[in-house]
Amino acid sequence: MGFEVIGTGMYVPGEPVTNTQLTRVMDTSDEWIHQRSGIRQRHFAAEGQGVSDMAFEATKRALEAARIGPKDIDYILFATMTPDYVFPGSGAVLGGKLGINVPALDIRQQCGAMLYGLQLIDGLIKSGVAKTILFIGAEAHAGFMPWDDWDILEGKTDRKQTPEQRERANKHRAVAVLFGDGAGAMVFRATDRDAGLIAAKVHSDGTYVDELLIPGCGFKTRPYCQPRLYEEMLYVPYMNGKEVFKFAVTTLPKCARQLCEESKTPIEKIDWFLAHQANARINDYVREQLDVPVEKMPMNIDRYGNTSAGTLPILIDECTRDGKLKKGDLTMMFALGAGMHWGCALVRW
Ligand code: UT7
């Protein structure tokens with residue numbers, strides 16, 4: 001017994017925001033952002049639009065592709081690091097919008113969530129707990145962007161940004177330019193066909209917690225939400241970009257090679273390398289290390305930026321709809337995110 005993906009869908013909010021538009025609120029340039037990361041544009045969730053709203057839109061498309069209705073889903077797995085509420089989880093909120101009250105489990109492995117999700121889906125299906133699982137990866141990073149001047153960014157006003165606001169945004173420009181919002185949905189179903197998870201390796205290393213995190217608004221402070229956290233901008237992620245970059249390019253090729261060795265899978269037999277989209281340079285480096293042809297690693301970071309847990313489901317939806325991913329294809333997925341959490345998985349489509 002394995003699983004197969006019977007439908008996928010994605011949703012990104014509003015109009016794309018280009019690199020050049022970002023120069024309205026911070027000192028940056030299309031050249032800097034594109035050279036360093038491969039990103040040209042991203043989308044941002046609107047005020048009041050949460051991950052459950054974006055996930056609902058992506059789910060409608062995935063269910064339509066799968067030709068099933070919400071009542072056919074018997075489990076929801078929701079991956080996000082930017083939930084609608086601190087509690088409850090966004091999976092239950094989505095279930096409410098879909099009109100179903102099945103088990104709903106939120107997971108928070110940031111950009112590495114899909115790999116953990118695959119292990120859970122495999123386990124839930126093999127143990128007979130679930131037959132049809134809705135997996136969501138969705139993020140609303142707009143809430144931690146280091147500017148307040150959304151009207152200036154969107155070109156809706158002639159108002160000028162204050163020097164103080166620009167300085168606040170500039171402090172976090174290296175992180176802010178990387179992230180974008182969106183949701184990807186995938187419907188997994190039990191199958192007797194030779195498909196599903198062949199092998200996976202997932203890891204975590206909490207000694208790296210200080211290299212990439214949101215330093216404030218957790219429950220170590222009383223109250224957990226206070227003006228000081230806004231003043232000191234502790235709601236914006238801190239990232240030691242160089243350290244995270246180094247960690248990714250050393251651990252991901254090693255992880256992929258080990259997985260191939262342990263599962264006796266020759267790397268050249270893999271049809272598609274589906275990589276998390278944090279930085280095009282990280283993916284190019286991993287691809288070169290593994291000696292993988294460029295056409296086997298589809299990328300969409302130029303259009304969406306890093307959508308954290310949303311990235312792999314969005315990429316997979318695009319690859320399914322444009323006819324790349326086909327039944328029987330062998331894929332390797334890999335990703336790394338805050339925690340650190342990282343891993344790779346071999347999946348037969
Ligand atoms: O999914 C989460 C995982 N995250 C990642 O995988 C990210 C990994 N890290 C990276 O991708 C890179 O470290 C970054 C793209 C984030 C940054 O690249 P970098 O080459 O490490 O740049 P840097 O932070 O060292 O900054 C270099 C220069 C600095 O100027 P000085 O001090 O050399 O004069 C920065 O102030 O670039 C400046 N800078 C910018 N300039 C224009 C930083 N951010 C920007 C910006 N626009 N947005």
Side-chain angles (χ1 to χ4, degrees), residues 17-42 79-82 108-116 137-141 144-147 153 166-182 184 203-205 208-215 233 236-253 255 274-287 299-302 304-315 333-344:
V17 174
T18 62
N19 293 343
T20 306
Q21 267 173 276
L22 290 181
T23 64
R24 293 173 185 170
V25 290
M26 58 170 65
D27 298 334
T28 189
S29 67
D30 179 53
E31 193 193 4
W32 193 96
I33 300 170
H34 188 255
Q35 261 180 16
R36 291 264 195 327
S37 69
I39 299 165
R40 288 282 190 206
Q41 61 175 48
R42 77 286 294 138
T80 187
M81 64 174 194
T82 50
R108 38 182 303 183
Q109 281 64 37
Q110 292 63 247
C111 307
M114 178 91 236
L115 283 316
Y116 281 77
E139 302 291 356
H141 300 119
F144 66 51
M145 285 300 149
W147 58 80
L153 179 75
R166 198 160 186 95
E167 199 188 315
R168 277 174 73 86
N170 279 343
K171 258 194 218 160
H172 296 278
R173 60 184 177 162
V175 167
V177 298
L178 301 179
F179 291 96
D181 297 343
H203 302 272
S204 77
D205 187 344
Y208 282 82
V209 60
D210 293 332
E211 307 297 355
L212 177 52
L213 81 168
I214 294 186
M233 300 191 80
V236 180
Y238 165 78
M239 178 170 74
N240 181 347
K242 285 203 184 353
E243 189 59 35
V244 176
F245 195 98
K246 205 167 73 193
F247 194 91
V249 296
T250 49
T251 53
L252 290 174
C255 187
L274 303 170
H276 174 59
Q277 312 279 301
N279 186 320
R281 286 192 302 147
I282 293 179
N283 291 349
D284 287 342
Y285 188 88
V286 174
R287 189 174 51 68
M299 299 244 253
N300 62 7
I301 190 168
D302 57 325
Y304 306 118
N306 181 356
T307 55
S308 299
T311 297
L312 274 168
I314 288 175
L315 183 71
M333 294 184 208
F334 56 88
L336 176 137
M340 304 280 187
H341 292 95
W342 73 99
C344 53

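All of these numbers come straight from a predicted model, not from anything done at the bench. One-based numbering, in listed order, for ligands and for the atoms of each.
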Is it true that [X] and [Y] make a salt bridge, defined as a side-chain N closer than 4.0 Å to a carboxylate O?
X	Y	result
Asp30	Arg40	yes
Asp27	Arg166	yes
Arg287	Asp284	yes

For ligand 1, note which part of Ala174 has a heavy atom under 4.0 Å away: side chain, backbone, both or neither.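 Both parts.
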
Taking 4.0 Å as the limit for heavy-atom contacts, which would you say applies to His276 with ligand 1: side chain only, backbone only, both, or neither?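 Under 4.0 Å from ligand 1, His276 contributes side-chain atoms alone.
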
Under a 4.0 angstrom heavy-atom cut-off, which atoms of ligand 1 come close to [X]?
X	answer
Leu212	2 (C)
Val244	3 (C), 4 (N), 5 (C), 6 (O)
Ala278	1 (O), 6 (O)
Val177	48 (N)
Lys242	13 (O), 19 (P), 20 (O), 21 (O), 22 (O), 23 (P), 25 (O)

Given [options], identify the one with the heavy atom nearest to [atom].
atom	options	answer
atom 47 (N) of ligand 1	Thr28, Leu178, Ile33, Thr311	Thr28
atom 6 (O) of ligand 1	Asn170, Asn306, Asn279, Ile282	Ile282
atom 9 (N) of ligand 1	Ala338, Gly241, Ala248	Gly241

Scan side-chain atoms only and decide if Thr80 and Glu139 contain a donor-acceptor pair under the 3.5 Å cut-off.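 Short answer, yes.
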
To which protein heavy atom is [atom] closest, and what is the distance rounded to 0.1 Å?
atom	result
atom 35 (C) of ligand 1	Arg173 NH2, 3.9 Å
atom 26 (O) of ligand 1	Trp32 CZ2, 4.1 Å
atom 27 (C) of ligand 1	Arg36 NH2, 3.6 Å

Hey, is the main chain of [Y] close enough, under 3.5 Å, to the side chain of [X] for a donor-acceptor pair?
X	Y	answer
Asn283	Met299	no
Gln277	Ile301	yes
Arg24	Leu153	yes
Arg42	Asn306	no

Going by the angle between their ring planes, with limits at 30° and 60°, are Phe179 and Phe144 parallel, tilted or perpendicular?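 It falls in the perpendicular class, over 60°.
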
Please determine if Arg281 has a nitrogen or oxygen closer than 3.5 Å to a nitrogen or oxygen of ligand 1.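 Between Arg281 and ligand 1 (N or O atoms, distance only) the closest approach is not under 3.5 Å.
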
Give yes if a backbone or side-chain nitrogen or oxygen of Ser29 is under 3.5 Å from a nitrogen or oxygen of ligand 1, and no if not.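 In fact, backbone or side chain, Ser29 has no N or O that close.
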
Protein non-hydrogen atom below 4.0 angstrom of [atom] present:
atom	result
atom 14 (C) of ligand 1	no
atom 31 (P) of ligand 1	no
atom 20 (O) of ligand 1	yes

Assess Leu22 for proximity to ligand 1: is some non-hydrogen atom of it under 4.0 Å away?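 Heavy atoms of Leu22 never come under 4.0 Å of ligand 1.
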
Heavy-atom contact under 4.0 Å between Met239 and ligand 1?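 Checking ligand 1 against Met239, which is what was asked, there is a heavy-atom contact under 4.0 Å.
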
Does the side chain of Ser204 reach to within under 4.5 Å of the side chain of Met340, using non-hydrogen atoms?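 Ser204 vs Met340: side chains apart.
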
With a 4.5 Å heavy-atom cut-off, do Tyr238 and Leu212 have their side chains touching?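 The answer is no, as the side chains (C-beta and beyond) never meet within the 4.5 Å cut-off.
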
Assess the pair His276 and Phe334: is the distance between their ring centroids shorter than 6.0 Å?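 Ring centroids of His276 and Phe334 are no less than 6.0 Å from each other.
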
